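In what follows, chains carry the letters A, B, and so on, assigned in the order in which the sequence lines appear, proteins first and then strands, with residues in each chain numbered from 1. Just so we're clear, the structure is a prediction, and the values are computed from it rather than from any experiment.
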Amino acid sequence: MKNKVRSATEFLKPLPDPDAISSEYWRAATEGRLLIQECPTCGHRQWYPRALCTECSSDTQWLECSGLGTVNTFTIIRQYGMQPFKQELPYIVAMIELVEGPLVMGNITDCDVETVRIGDPVLVWFLKIEEGIGIPYWSPDA
Amino acid sequence: MDRTPVIVGIGLSDYPKTPHLDGVQHHALAAQRAIADAGIAKSEIDGYVNASSNMMIDDPVTMAEYLRINHRYIDGTMTGGSSFEFHVQHLAAAIKEGLCDTALVTYGSDYLSRMGRSLGTGGFQRPGQRVAGPIQYEVPYGNSLVGAYAMYAMRHMHEYGTTSEQLAEIAVGVREYATLNPNAIYRDPITIDDVINSRMVADPLHKLDCCAITDGGGAFIMTTAERAKDLPNKPIYVLGAAGAQTHWNISQQSDFTTSAGAQSGPEAFARAGLTPADVDMIMFYDSFTITCLILLESLGFVGRGEGGPFIAEGHLRKGGSLPMNTDGGGLSSCHPGMRGMFLILEAVRQLRGDAGEAQVPNCKVALAGGSGGWLSCIGVAILGNEAPG
């Protein structure tokens, strides 16, 4: 399933330095696809992507996710020294439990930070930073 | 020959704010004091351990050179703030096995003087920086160190009904001990209201749920029970030590209500032949109030979800059934970045009966529970002042 992609005009936050495995993950995000890995041998699913299955050490395969999940836990960041985060305070950092299983980290955007609760359904969206790098974000799935 | 591992010397450098000392000087000052306290000759030291990661400045081999330690055994295990509990585990095995006879462990940090109070909310990257490794999956989101721990507190409250007041009780109790420590950075008594009315840093953690940032250093010396017979201090026995890891980066924690202490705690107790009920006082890594609650539960002192009500009954306070962080802890006394060192030193001070007004009566068994990273690596050292049976 393809999810919403927005384009960044200027992105001043720290960025991934893609490696042989993560480059596929970040590239997929520019195309509106959230990837995790699934082990063809034992079925284990994992995020972040690695060079082996952390359960059985087999090779892994990519699995494209639905982009749906729920809030497993979160915090409202109210103090942070680094720009440009500082000017965005307060904001949500959350662990999202994908319907496919694994937990992933992200921000929950497009909401009043005071209303976020554990268990809330959320939907992924992507910010395309540049060729090859898109960042997954989450918003309330009303 | 009795090769039972014992701690025979401890040393603190100066704290909480020491702009005249750099990190290396903290290592050296603490080492001098630990050697003097132990009553050994420096030349006896044939094992050296530290957890510093400033390469070419105070990493293990640089410091071994600086201190001129002719070591037969060296270890630089770095699990964050819990490193020193892991070191006790490693040295206990090395000393029993004869890989070394007398080992020095040092730590030193000028964090407050050099970096200010930036650790919790300052960020570890620069704007626009390209970041490699697993942390690349976190850096775009602006999580803070406080925020990582806050996510444990949020989930624990959700699952078990734990309250901010219960967490605040931890900060209040530790502060009470800090009033007895002339070196503690914060010494004015506080109340639960003070904690929950302090500024929110990362929900649900308030400013007073967070540890201090200070300068400081520490060192201890481990040797054999045989060698200790000729030394001035009562030997403090390593009864059991263990370590475990669930993740390193916070986004790889899969259960925000517990820690790897659920593995290393029971192992340390099994090695010691003891249970939590045998422990007279605890030294927990109080990076945040929630850290103590998670350690309390995961190490098995109380059941999962029982930590909040237990803490609210005042057990962790001076005069309680399980006094915690009698030096004033990281919350109120000394936290230069990796506090695990001070857990060992204060536990030894208590077991020697040298803790003055903060002395826990009849203290025979103390437990140091170190948390490294983001409740990632949990090291447990159970110490006692009587030889293991």
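- Within a 6.0 Å sphere centred on CZ of B/Arg126, heavy atoms belonging to other residues, nucleotides or ligands number 12 at most.
- For A/Arg50, the part sitting under 4.5 Å from any heavy atom of chain B is the side chain, from C-beta outward, and nothing else.
- When each of B/Gly133, B/Gly120, B/Ala132 is scored by its heavy-atom pairs under 4.5 Å with chain A, the top score falls to B/Ala132.
- Interface residue A/Pro136: backbone and side-chain heavy atoms are both found under 4.5 Å from chain B.
- At a 4.5 Å heavy-atom cutoff, the contact between A/Pro49 and chain B is made by backbone and side-chain atoms alike.
- Using the six-membered ring where Trp is involved, B/Tyr137 and A/Trp47 have ring planes that are perpendicular, over 60° apart on the 30 and 60° scheme.
- A donor-acceptor pair is defined here as one N or O able to donate and one able to accept, closer than 3.5 Å; no such pair exists between the side chain of B/Ser144 and the backbone of A/Tyr80.
- Looking at B/Gln252, only its side chain comes within 4.5 Å of chain A, counting heavy atoms on both sides.
- Side chains of B/Gln129 and A/Asp17: a donor-acceptor N/O pair is absent below 3.5 angstrom, by distance only.
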query = When you look at A/Tyr91 and B/Tyr141, which way does the ring pair (Phe, Tyr, Trp, His ring centres under 6.0 Å) test go after all the steps?
reply = CA-CA 9 Å; A/Tyr91 56 87; B/Tyr141 302 121; over 10 Å; no
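- When the candidates A/Ile129, A/Thr75, A/Val113, A/Ile133 are compared by the number of heavy-atom contacts under 4.5 Å with chain B, A/Thr75 comes out ahead.
- Side-chain contact check for B/Val131 versus A/Leu15: every heavy-atom pair is 4.5 Å or farther apart.
- Between chain A and the options B/Ala202, B/Gly142, B/Ala148, the largest number of non-hydrogen pairs under 4.5 Å is found for B/Gly142.
- Annotation for B/Lys207: atom NZ does not count as buried by contact number, only 12 or fewer foreign heavy atoms lying within 6.0 Å.
- Residue B/Arg155 touches chain A through both its backbone and its side chain, counting heavy-atom pairs closer than 4.5 Å.
- A 6.0 Å sphere centred on CG of B/Asn54 holds more than 12 heavy atoms belonging to other residues, nucleotides or ligands.
- The environment of B/Arg117 atom CZ is sparse: at most 12 non-hydrogen atoms of other residues, nucleotides or ligands sit within 6.0 angstrom.
- Between the CZ atom of A/Arg78 and the CE atom of B/Met200 there is a distance of 6.0 Å, given to the nearest 0.5 Å.
- Options A/Leu12, A/Ile118, A/Leu127 differ in how many heavy-atom pairs under 4.5 Å they form with chain B, and the most are formed by A/Ile118.
- Atom CD of residue B/Gln125 and atom NZ of residue A/Lys13 lie 13.0 Å apart, to the nearest 0.5 angstrom.
- Counting only heavy atoms from C-beta outward, the side chains of A/Pro14 and B/Phe124 never approach each other to under 4.5 Å.
- Of the listed residues (A/Val71, A/Val93, A/Leu103, A/Ile76), the greatest number of heavy-atom pairs within a distance under 4.5 Å of chain B belongs to A/Ile76.
- In this structure, CE in A/Met105 is found 7.0 Å from CD1 in B/Ile250, a value given to the nearest 0.5 Å.
- Side chains of B/Pro127 and A/Met82 form a contact here, defined as non-hydrogen atoms less than 4.5 Å apart.
- Interface summary for chain B: among A/Pro18, A/Ser22, A/Pro84, the most heavy-atom pairs under 4.5 angstrom belong to A/Ser22.
- Of all heavy-atom pairs between B/Pro140 and A/Tyr137, the closest is O-OH, 4.1 Å.
- Between chain A and the residues B/Arg199, B/Gln136, B/Gln253, the largest count of heavy-atom pairs under 4.5 Å involves B/Gln136.
- Residues A/Phe74 and B/Met154 have side chains in contact (heavy-atom distance under 4.5 Å, counting atoms from C-beta outward).
- To the nearest 0.5 Å, atom OG of residue B/Ser254 and atom CD of residue A/Gln46 are 13.0 Å apart.
- Other residues, nucleotides and ligands contribute more than 12 heavy atoms inside 6.0 Å of the CZ atom of B/Arg187.
- Interface remark: B/Phe256 contributes side-chain atoms only to the contact with chain A (heavy atom separation under 4.5 Å).
- Between the side chain of A/Thr73 and the main chain of B/Met151, a donor-acceptor pair closer than 3.5 Å is present.
- Within 6.0 Å of CD in A/Glu100 there are more than 12 heavy atoms belonging to other residues, nucleotides or ligands.
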